[in-house]
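The next block holds one structure in the form of structure tokens; read it before the comments.
Computed from a prediction, not measured in an experiment: that's the story for all the values here.
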Amino acid sequence: MTEQQPITATVVPTRQRLAFLPDVFTPRLMMQGEAMIYRQADQLSADYNGGLWAFYRLSNGGFFVAPDNDKRYTISVAGNGYEGEVSALAFGMTVTLFVLGSLCWIENEALRERFTDNYHQLRQYVLDQPEAGAVLAAID
């Protein structure tokens with residue numbers, strides 16, 4: 001039996017930041033994807049008020065974005081009643097999962113499959129994170 005390697009996250013270097021959003025959302029959907037991230041962050045937390053975001057690539061092919069700070073964010077999810085406080089990283093994972101979940105309904109079949117795969121890749125990564133319980137409760 002082979003042992004499964006842990007999924008790792010790597011911060012996208014500054015010189016590669018401009019290519020990140022067109023790569024993960026496609027050039028055509030890049031601006032829409034970015035707007036969805038900011039809108040979702042704003043909807044989930046009154047503590048969010050803009051700022052720089054860090055981009056992460058996962059070793060399993062997935063990705064996520066997160067505010068580039070050490071703040072904690074209070075999350076309130078109207079759809080399921082979840083309320084809690086999480087780190088900026090966990091907040092970003094939550095925001096990204098919500099955005100990818102929305103994009104799983106896109107009409108283009110190839111993109112639908114891509115964003116569905118990205119959702120599951122990120123969710124798999126979340127399972128091994130310290131704040132997995134909070135992230136999973138928020139997206140449930």
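Taking a cutoff of 4.0 Å between a charged side-chain nitrogen and a carboxylate oxygen, Arg57 and Asp23 qualify as a salt bridge.
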Worked verdict on Val24 versus Asn118 for side-chain contact (heavy atoms from CB on, under 4.5 Å): CA-CA 9 Å; Val24 298; Asn118 291 151; 5.7 Å; no
Given Leu100 and Arg123, is the side-chain contact (heavy atoms from CB on, under 4.5 Å) satisfied, shown in steps? CA-CA 11 Å; Leu100 289 170; Arg123 190 179 182 286; over 6 Å; no
Pair Gln129, Leu89 - check side-chain contact (heavy atoms from CB on, under 4.5 Å), show working. CA-CA 10 Å; Gln129 300 312 301; Leu89 275 177; over 6 Å; no
Apply the test side chain to side chain donor-acceptor pair (under 3.5 Å) to residues Glu83 and Thr74: give CA-CA distance (whole Å), side-chain angles for both, the deciding distance (0.1 Å), then the verdict. CA-CA 7 Å; Glu83 303 243 349; Thr74 301; over 6 Å; no
Does the side-chain contact (heavy atoms from CB on, under 4.5 Å) test come out yes or no for Arg17 and Phe55, once each step is laid out? CA-CA 7 Å; Arg17 285 180 59 85; Phe55 304 149; 3.7 Å; yes
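Considering only heavy atoms from C-beta on, Leu58 comes within 4.5 Å of Leu122 through its side chain. Counting heavy atoms from C-beta outward, Tyr73 and Pro67 have side chains that approach closer than 4.5 Å. Ile139 places a side-chain heavy atom less than 4.5 Å from the side chain of Thr94. Side chains of Ile37 and Thr96 form no contact here, defined as non-hydrogen atoms less than 4.5 Å apart. Side-chain atoms of Phe91 and Lys71, non-hydrogen and from C-beta on, never get closer than 4.5 Å to each other. Using a 4.5 Å heavy-atom threshold, the side chains of Arg114 and Thr26 count as touching. Counting only heavy atoms from C-beta outward, the side chains of Phe115 and Leu29 approach each other to under 4.5 Å. Between Ile75 and Tyr82 the shortest side-chain heavy-atom distance falls below 4.5 Å.
Side-chain N/O atoms of Tyr38 and Glu34 include a donor and acceptor closer than 3.5 Å.
Heavy atoms of other residues, nucleotides or ligands lying less than 6.0 angstrom from CZ of Arg72 number more than 12. Other residues, nucleotides and ligands contribute more than 12 heavy atoms inside 6.0 Å of the CG atom of Asn80. By the 6.0 Å contact criterion, CG on Leu127 is enclosed, its count of non-hydrogen atoms from other residues, nucleotides or ligands being greater than 12.
Relative orientation of the Phe64 and Tyr56 rings is parallel, given thresholds of 30° and 60° on the angle between their planes.
Centroid-to-centroid, the aromatic rings of Tyr48 and Trp53 come within less than 6.0 Å.
Here the closest heavy-atom approach between residue Pro6 and residue Ser59 is recorded as O-OG, 4.1 Å.
Put simply, CG on Asp117 and SG on Cys104 are 9.0 Å apart, with the number rounded to the nearest 0.5 Å. The distance from the OG atom of Ser45 to the CD atom of Glu85 is 9.0 Å, given to the nearest 0.5 Å. Leu136 CG to Glu131 CD: the interatomic distance, rounded to the nearest 0.5 Å, is 11.5 Å.
Listed for the Arg112 side chain is no donor-acceptor partner under 3.5 Å among the backbone atoms of Leu103. Remark: side-chain polar atoms of Asp128 are not paired, donor with acceptor, to backbone N or O of Ile7 under 3.5 angstrom. Between the side chain of Asn60 and the main chain of Gln121, a donor-acceptor pair closer than 3.5 Å is present.
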